[in-house]
Amino acid sequence: MVYIASWQEYQEAAENLYVKSPGKTRYCVKWKSSEGKLVLKITDDTTCIKFKTYSSIFLNRFESLNLSLMQKMQNRRPDPPPSAAPPQSLTTGESIQPRTASPVPAAQTGPAAGGVKKKKAKKKK
């Protein structure tokens, strides 16, 4: 087991290890609140890479690594940001029709409409 001191090296090594053998790679996170220690471990049964820190600064980096690994495990890529350009697929003869608003449901009464249910009065002795 190798502890890597630099976060950047650990993140690159962890992602490369997962890309190399996605079927065998396991990722483990250990948090010891009494010591304030975070230990990250990734292994594929032949190579084991670990990172240990006591600093809370690494939490954002840890979250981004988790997101990156989860996207790779789901075989997804991040969604591209929406573009403001209008679609170019319309021909000159087609016209754009505005959407009509959906009908608004009638107002409900009672607790389902967000009202507060009244409490029952206490019995007198």
Take Arg26 and Asp44 through the test salt bridge (charged side-chain N to carboxylate O under 4.0 Å, His left out) and record every step on the way to the result. CA-CA 6 Å; Arg26 295 184 311 273; Asp44 68 347; over 6 Å; no

Look up atom CG in Leu65 and atom CD in Glu12, then write down how far apart they are to the nearest 0.5 Å. 11.5 Å

Quick one: does NZ or CZ of Lys72 land under 6.0 Å from the six-membered ring centre of Tyr18, within 45 degrees of the ring axis? no

Take the angle between the ring planes of Phe51 and Trp7 and call it parallel below 30°, perpendicular above 60°, tilted in between. perpendicular

Looking only at heavy atoms, what is the nearest atom pair of Lys37 and Trp31, with distance? O-CE3, 3.3 Å

Enter the distance from Ser64:OG to Leu69:CG here, rounded to the nearest 0.5 Å. 9.5 Å

Do Thr47 and Lys20 touch side chain to side chain, with heavy atoms closer than 4.5 Å? yes

Is there a path from Met73 to Leu17 through hydrophobic residues (I, L, V, M, F, W, Y) whose side chains come within less than 4.5 Å of each other? yes

So, does Thr25 use its side chain to make a donor-acceptor pair with the main chain of Ser21 at under 3.5 Å? yes

With rounding to the nearest 0.5 angstrom, report the CZ to CG distance, Arg61 to Asn66. 14.5 Å

Got a sec: does the CD of Glu63 have more than 12 other heavy atoms crowding it under 6.0 Å? no

From Ile49 CD1 over to Gln11 CD, what is the distance, rounded to the nearest 0.5 angstrom? 12.0 Å

Leu67, Thr53, Leu40 screened by side-chain contact (heavy atoms from CB on, under 4.5 Å) with Phe62, the one that passes: Leu40

Closest approach of Ala13 to Ile4 (non-hydrogen atoms, all atoms of both residues): CB-CD1, 4.2 Å

Would you kindly confirm whether Val39 and Tyr10 end up in one hydrophobic cluster when ILVMFWY residues are joined by side chain heavy atoms under 4.5 Å apart? no

Taking all non-hydrogen atoms of both residues, which atom of Tyr3 and which atom of Lys52 are closest, and how far apart? CE2-CB, 3.6 Å

